[in-house]
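Residue numbering restarts at 1 for every chain, and letters A, B, ... go by the order of the sequence lines. In this text, all values refer to a predicted model and were calculated from it rather than measured experimentally.
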Amino acid sequence: MSEDTNTPDPDSTSNRTFNVIVAIAVAVIALAGSFITKIQSDASSLSSAAGNDEQMYYYRAMGEQISGDANTNYEFGTIYQLWVEYNLLATSAEKNGDLAAANSYRNLRDNLLNNSSLLTSDYFDSTTGNIDLLAYKTNLYQLNVIQLLEMQSAASDVADAWDEKDSAYVLQLTLLAVASFLLGLALMTKSKIARTVFVASGIPMVVIISIWAYIVWKQPVYDLRETGAIQHFANGVNLTEQKHWTEALEQFNRAIDLAGEDQPYGHAYIHRAQANAKLGKFEAAVNDYLLAIDMGENDPNVVGNLVWALFQTGKFPQAIEVGQTALEENPDNLWLQLRVGMALLANGDQETAKQQYQNIVELASDKASNMRSLGDDPSEIWWQLNDASFQLEKLVQLLKKSKAVSPVKSSIKDKQLVIQSAQDFISLLNEASVSLQYEIVKSEVKTVVNSPEFALATTSDQVYVHKVDVVFQYSGLEKGQLLAIKVLRNGIEDPSWTYTKIWDQNSQGKITIILTPAYADVYIVPPGTYEVHIYVNGKLIQSGGFLVNGSDSSTTAEIDSNFVFSDMLNSFNFFNMDIFADTGDLVEEDLYFDPTQFYETGQEIDIDTLNNDEETAPENNDTFTTCEDPNSPECASQDATNGDTTEDTANDNITEDTTNGDSTSDNADTGGEDAGGDTGGENSDGGDAGGDTGGENSDGGDAGGNSDPVEDPGSAEPVEDPGNVDPVEDPGQ
Amino acid sequence: MQENFDSRLNTIIAFAISILTIFSGLLGWQMGNIAGNASGEYSAAQRAELNAQKIQSINILAVEENHRSFLTYKRYYDEYQLVSTQLDEAQSAKDADIAVINKLSARQQELRILYLSNLKLFPNVYITRDGTYDTKTQLGQMWAQATRELDLEPTPHLEAGRILDDQVQKMQLALILLAVSLFFFAIVSTVESLKRSIILIFSGSGSVFAAIGITIGLLYWS
């Protein structure tokens with residue numbers, strides 16, 4: 001190397017020119033470097049400032065949310081509650097002729113209006129006692145919270161944008177250093193070719209970096225906060241919470257327009273998709289979800305919603321593809337797994353669907369174990385399984401109902417196969433849910449439970465059902481096993497009806513259990529279709545059902561002709577539900593049907609008409625009768641001699657059923673068949689058994705001394721059960 | 001012969017330095033992108049955690065308020081049952097005191113109104129058969145509902161962030177190897193009085209480091 005003859009002569013002209021060029025390039029590097037350092041510093045500062053804004057918005061939002069919630073709780077739970085109490089006490093006193101006390105209560109009641117921000121004419125109707133809690137929350141803080149959270153998100157985007165610029169500048173400075181290195185080598189190296197190569201690499205780098213830095217610097221940082229779109233977005237979200245979907249759509253459209261086409265407003269697209277889905281416009285929802293995901297809004301819950309919207313449009317293969325892609329990154333997302341499972345089922349891939357649901361059960365079990373080991377409560381897991389079961393039940397109903405129209409239905413090729421598989425999966429999910437809830441280790445269960453029958457006790461005016469008993473015969477029920485009875489109303493579990501017992505009685509016999517909750521002595525069973533599932537050690541042994549008609553018989557309505565899958569979990573949103581605000585959502589109204597409805601609806605019912613005098617608070621809700629042979633007449637007579645009020649009422653109903661042949665079938669079969677599709681088949685025997693046992697228990701009714709037959713309004717409207725029209729004789733009789 | 005070799009070697013090393021430099025720059029740019037993605041995942045994890053904490057605190061606030069209302073109901077209801085029992089006893093007594101009966105009857109009616117009015121203030125579905133309020137089930141339901149509306153799981157984001165971080169670390173290793181390689185090549189290219197053996201060793205070492213660096217860089221590029 002030392003003898004390299006290519007070394008340029010320092011005195012030559014070309015060498016001087018070369019050195020000048022390199023020197024100019026180095027000077028440009030210094031200049032560009034200083035400029036980039038300056039703008040990098042600015043970008044860094046602006047990124048930090050936006051980051052601080054982001055945190056500030058979040059803290060403010062949380063502060064407003066928590067203080068607003070606390071205020072609402074106080075206004076609702078204390079002030080409004082006092083108003084209701086005073087109002088009722090005043091009414092009661094007036095009814096009893098104590099006018100002085102009535103006036104006193106009214107004064108106390110009216111004084112509350114002066115100290116409340118909730119009990120104003122904007123949100124409160126003092127004549128009916130109704131309040132609009134949603135409007136109150138909206139005006140007080142909710143709208144502001146939504147705006148602040150959106151500002152937080154926008155500030156985060158701004159911080160990210162400046163951060164990106166900052167990173168680009170840092171990289172440019174690094175590359176400038178590299179270019180300097182190359183040019184330095186060019187000055188030092190001995191070979192002419194090598195010098196040329198270094199200069200040819202270094203100088204273009206400097207030029208490219210300088211142009212790149214200029215482009216990055218010129219690129220504006222988009223700030224959603226400056227467009228005015230957030231206000232409309234917040235209005236839209238607020239309207240969706242009040243279930244004003246169409247108005248919400250208008251607001252989201254406006255927000256999207258204001259944000260501009262160059263910077264699509266991802267959150268607005270997501271919420272517009274949700275509003276579209278609520279309006280049944282699933283194609284539009286799919287488009288919006290896809291746009292939102294393209295904009296980077298690819299959280300698993302957004303993808304889950306897309307999968308669900310695709311499912312509702314009958315595009316099962318796409319739903320599966322999108323879902324499975326998302327699951328690669330989020331394999332533990334139970335909700336997404338369940339959505340994909342349903343799409344697989346509808347797509348006709350039964351084996352894969354079966355495997356999927358089995359995997360889901362395992363995943364749910366693992367998650368529940370992990371949560372328990374960490375000291376957390378895993379209730380959410382079985383709620384998700386319950387919801388999946390609810391959706392599958394809806395699918396079965398959809399496929400069974402000939403009038404229903406849905407893309408889901410029309411896209412399913414082999415409906416019978418899907419129905420059959422769905423019913424298997426419903427059992428699988430239900431059993432898994434119960435096993436997880438009660439921490440049951442699966443074991444072999446030999447219990448046999450005959451189809452249950454139901455006795456509906458009514459008010460003396462025969463308008464309302466106030467108590468429901470379930471009666472069934474059993475065998476093979478071992479001591480230590482867990483008997484769990486779950487009750488679903490219109491497909492949704494009502495936990496207050498749940499009955500559990502570690503079995504400590506004989507292994508066979510007959511049992512009567514009061515199903516209705518005992519939290520009020522004037523409880524009125526809300527109208528609806530009830531399913532009753534009987535589990536032993538987490539295994540679904542038997543199920544049945546009954547129907548309670550409302551005064552308007554609205555709950556007997558069949559599935560809409562335009563079928564849409566509803567959300568079960570939304571039905572539990574207490575503050576969004578509709579005991580105060582009129583949103584017209586039947587499911588939620590039904591779920592939270594007020595047991596004290598005679599106050600709420602203004603339908604004056606005399607409390608004394610309720611047959612509750614002897615059962616204010618049942619300490620022991622179940623009546624056991626054990627015998628060696630549960631089918632023997634002796635067993636039945638033992639049961640019949642138990643003459644408490646429950647038995648009497650139950651027997652009264654069944655007595656009438658027995659004497660009026662058709663009614664018998666109606667009464668028992670109504671429960672069995674209408675409890676929801678698949679269980680109807682299982683319960684066909686229940687209907688028969690109901691009639692038969694009614695015969696058995698007619699003695700019991702007499703023995704109880706309640707000789708006046710009481711019609712069962714729950715069965716007043718017979719529902720046809722082709723399989724159970726003819727009463728079947730009881731072999732035990 | 002010797003001069004030709006040195007000349008060719010110098011040329012090759014010069015090209016190698018240029019290519020390695022440019023590759024290092026591109027690798028640094030890609031590393032920046034991946035580090036940005038990792039940062040995005042950590043941000044998403046942070047948002048998910050914030051969402052989770054927000055939902056948890058809001059839900060607990062709501063459920064505890066419901067529980068408070070339940071306890072008020074429960075107090076009235078228990079008292080109502082007690083008075084009902086006393087009334088039954090008073091009515092069934094041989095020498096029933098009408099005044100006491102009337103008083104108990106009025107109190108019973110009042111308590112019934114009070115407990116019923118409180119029943120309206122919380123979701124009754126969570127009252128269990130043993131007369132308690134199942135806050136855990138209610139919280140579970142609320143959480144299950146929230147998981148559909150918000151991202152509440154930071155763990156997948158954290159795991160994705162860690163994977164990307166690992167990738168960045170591997171790319172950093174590649175960059176260090178490339179820098180070492182450039183060091184060897186630069187020495188060979190610039191220092192005049194090097195022994196032939198040193199030149200060969202440095203050139204060989206530079207080539208090895210360059211090869212490993214490029215391989216690792218390409219392996220963890222995407």
Side-chain angles (χ1 to χ4, degrees), chain A residues 1-6 58 62 65-66 69-70 73 77 81 84-85 88-89 92 164 167 171 174-175 178 181-182 185 188-191 193-194 197-198 201 299-301 304 329-330 335 377 379-380 383-384 494-496 498-499 517 519-520 569-570 572-574 592 594-596 616-617 621, chain B residues 3 6-7 10-11 13-15 17-18 21-22 24-25 28-29 32 36 50 54 57-58 61-62 65-66 68-69 81 84 109-110 113-114 116-121 123-129 134 136-137 139-141 143-145 147-151 156 160 186 189-190 192-194 199:
Chain A
M1 285 283 196
S2 58
E3 296 173 21
D4 193 342
T5 53
N6 290 333
Y58 182 77
M62 282 302 89
Q65 177 83 53
I66 289 170
D69 277 352
N73 286 346
Q81 185 255 335
V84 171
E85 278 185 18
L88 291 172
L89 289 169
S92 175
E164 207 172 306
S167 300
L171 178 61
T174 309
L175 290 175
V178 169
F181 167 70
L182 288 172
L185 282 177
M188 294 295 293
T189 194
K190 301 150 285 183
S191 163
I193 297 172
V197 169
F198 290 142
S201 316
D299 287 344
N301 52 312
E329 287 184 12
N330 301 279
W335 182 49
D377 182 74
S379 303
E380 55 155 313
W383 274 116
Q384 298 212 39
D494 185 336
S496 66
T498 300
Y499 172 90
Y519 56 73
L569 291 168
N570 269 345
F572 288 84
N573 195 341
F574 179 56
Y592 284 100
D594 192 345
T596 61
T616 302
N621 284 348
Chain B
E3 285 176 9
D6 286 347
S7 172
N10 262 320
T11 306
I13 287 174
F15 274 108
I17 289 173
S18 296
T21 308
I22 291 166
S24 300
W29 168 74
L50 287 172
K54 180 183 83 173
S57 53
I58 290 169
L61 204 62
E65 172 59 23
N66 291 336
R68 192 194 65 77
S69 298
Q81 289 177 294
S84 297
Q109 193 179 7
E110 186 183 344
I113 287 167
L114 290 171
L116 288 173
S117 68
N118 276 280
L119 264 178
K120 294 171 68 166
L121 302 177
N124 304 156
V125 292
Y126 300 110
I127 304 175
T128 62
R129 214 163 258 273
D134 193 348
K136 285 182 177 176
T137 297
L139 280 170
Q141 175 273 313
W143 186 267
Q145 187 193 346
T147 54
R148 296 159 181 221
E149 292 160 8
L150 289 167
D151 185 7
S189 183
T190 54
E192 290 187 9
S193 55
L194 279 180
I199 290 171

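- Within the 4.5 angstrom heavy-atom criterion, no atom of A/Thr174 approaches chain B.
- A donor-acceptor pair is defined here as one N or O able to donate and one able to accept, closer than 3.5 Å; such a pair exists between the side chain of B/Arg68 and the backbone of A/Gly77.
- For the atom pair NZ (B/Lys54) and OH (A/Tyr58), the distance works out to 6.5 Å, reported to the nearest 0.5 Å.
- Annotation: the span from A/Thr498 atom OG1 to B/Asp134 atom CG amounts to 9.0 Å, rounded to 0.5 Å.
- For B/Gly25 against A/Leu171, the heavy-atom pair with the smallest separation is O-CD1, 4.3 Å.
- For A/Glu164, the CD atom sits in a loose shell: 12 or fewer heavy atoms of surrounding residues, nucleotides or ligands are nearer than 6.0 Å.
- Here the CD atom belonging to B/Glu65 is positioned 4.0 Å from the CG atom belonging to A/Asn73, to the nearest 0.5 angstrom.
- Residues that satisfy the side chain to side chain contact (heavy atoms under 4.5 Å, CB included) test with B/Ser57, not counting sequence neighbours, are A/Ile66.
- Within the 4.5 angstrom heavy-atom criterion, atoms from both the backbone and the side chain of B/Ala186 approach chain A.
- A/Glu85 and B/Ser117 get closest at one heavy-atom pair: CG-OG, 3.3 Å.
- For A/Asn301 (side chain) and B/Glu149 (main-chain N/O), a donor-acceptor pair under 3.5 Å exists by modelled atom type.
- Distance check: A/Leu88 CG to B/Ile113 CD1 gives 6.0 Å after rounding to the nearest 0.5 Å.
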Go through the steps for A/Leu175 and B/Trp29 under the test side-chain contact (heavy atoms from CB on, under 4.5 Å), then give the verdict. CA-CA 9 Å; A/Leu175 290 175; B/Trp29 168 74; 5.9 Å; no

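- Other residues, nucleotides and ligands contribute only 12 or fewer heavy atoms inside 6.0 Å of the CZ atom of B/Phe15.
- In this structure, the portion of B/Gln109 lying under 4.5 Å from any heavy atom of chain A is its side chain and not its backbone.
- A donor-acceptor pair under 3.5 Å is absent between the side-chain atoms of A/Trp335 and the main chain of B/Ala144, judged by distance alone.
- Nearest heavy atom pair, residue B/Thr137 against residue A/Trp383, reads O-NE1, 2.9 Å.
- Here the shortest heavy-atom pairing between B/Ser189 and A/Phe198 reads OG-CE1, 3.7 Å.
- Most heavy-atom pairs under 4.5 Å with chain A, from the set B/Thr128, B/Ile22, B/Asn118: that is B/Asn118.
- Contact tally against chain A (heavy-atom pairs below 4.5 Å) for B/Leu139, B/Leu150, B/Leu114: the top residue is B/Leu150.
- Looking at B/Leu50, the atoms closer than 4.5 Å to chain A (heavy atoms on both sides) sit in the backbone and in the side chain alike.
- Applying the side chain to side chain contact (heavy atoms under 4.5 Å, CB included) criterion to A/Asp69, with sequence neighbours excluded, gives A/Gln65, A/Lys137, A/Tyr141, B/Ile58, B/Leu61.
- Contact annotation for A/Leu89: both backbone and side-chain heavy atoms come within less than 4.5 Å of a heavy atom of chain B.
- Judged purely by atom type and a 3.5 angstrom limit, B/Thr190 has no side-chain atom pairing as donor or acceptor with the backbone of A/Met188.
- Interface summary for chain B: among A/Val197, A/Val84, A/Asn330, the most heavy-atom pairs under 4.5 angstrom belong to A/Val197.
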